[in-house]
Amino acid sequence: MPHIRVKVVRYLSMDDKPAEHVLGVGPHKDYSFLTILMQDDDVGGLQVQTADGKWIAFERLIQCCYVTTTHRILNNTTGRDRISIPIFFNPATDAQIPHVRIPNYILRQVPANVEDQLLQDPIYGISAFKGLARSHMNEFERWYATGEDGIVKRREFHLCFPRLEQLIENSPKLVHST
Ligand SMILES: O=C(O)CCC(=O)C(=O)O
Ligand SMILES: [Fe+2]
């Protein structure tokens with residue numbers, strides 16, 4: 001089924017700047033057909049990549065044809081939390097996406113390093129999964145591991161949240177009375 005996904009995200013403001021994208025979003029293209037984003041422009045943080053690979057603050061664009069823009073969210077050090085509400089309009093996860101011939105004038109706008117960023121799997125859900133892995137690398141590494149056979153597998157729950165597991169074990173057990 002085609003589906004709509006909405007996130008309400010709060011990017012805490014941090015005093016010092018930790019490693020890149022720990023509390024932001026790593027470079028990625030959205031895998032939705034269309035994304036509408038509400039962000040607080042006074043806080044900013046959303047950057048898009050230009051055709052020559054540079055990162056610039058997002059501005060509203062008016063153009064007749066669009067190449068999916070690679071973008072990222074910076075760690076927020078503005079002193080104010082960043083709230084954003086993206087709405088993603090997606091095809092069904094098992095939808096087959098046909099290849100289309102892209103006119104040269106559009107291809108010329110594609111950044112040089114685009115090969116690393118394409119979501120080329122013909123099945124939408126697989127591209128979406130790759131996109132999530134790319135955007136949230138730290139979370140992905142926590143939850144998934146690539147085996148020697150090259151297959152990506154979910155990690156055991158206790159490896160993802162060792163402290164949480166411990167907390168559950170040590171917490172008082174609930175007793176149900178009838
Ligand atoms: O939080 C935002 O402003 C956008 C996040 C984003 O790019 C995404 O989730 O795909
Ligand atoms: Fe995005």
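We count ligands from 1, going down the list as the structure has it; atoms in each ligand are counted the same way. These numbers come from a predicted model, not from an experiment.
Every atom of ligand 1 with a heavy atom of His71 under 4.0 Å away is listed here by number and element: 7 (O). Heavy-atom proximity to Ser84, at under 4.0 Å, picks out these atoms of ligand 1: 1 (O), 2 (C), 3 (O). Taking a cut-off of under 4.0 Å to the non-hydrogen atoms of Lys7, the atoms of ligand 1 that pass are 8 (C), 9 (O). Atoms of ligand 1 found under 4.0 Å from any heavy atom of Phe88 (numbered from 1 in listed order, with element): 8 (C), 9 (O), 10 (O). Listed by atom number, the atoms of ligand 1 under 4.0 Å from His28 heavy atoms are 6 (C), 7 (O), 8 (C), 10 (O).
Side-chain N or O atoms of Asn138 include none that pairs as donor or acceptor with a backbone N or O of Arg142 at under 3.5 Å. Between the side chain of His136 and the main chain of Gly26, no donor-acceptor pair closer than 3.5 Å is present. A donor-acceptor contact shorter than 3.5 Å is absent between the side chain of Asn90 and the backbone of Ile4.
Inside a sphere of radius 2.8 Å centred on the Fe ion (ligand 2), the protein N/O/S atoms present are His28 NE2, Asp30 OD1, His71 NE2.
The nearest heavy-atom contact from the protein to atom 4 (C) of ligand 1 is Ile73 CD1, 3.8 Å. Counting only heavy atoms of the protein, atom 5 (C) of ligand 1 lies nearest to Tyr11 OH, 3.7 Å.
Looking at ligand 1, you won't find any N or O of His136 less than 3.5 Å from one of its N or O atoms.
Remark: distances from the non-hydrogen atoms of Arg82 to ligand 1 include one below 4.0 Å. Residue-ligand proximity: Asp30 is placed with a non-hydrogen atom under 4.0 Å from ligand 1.
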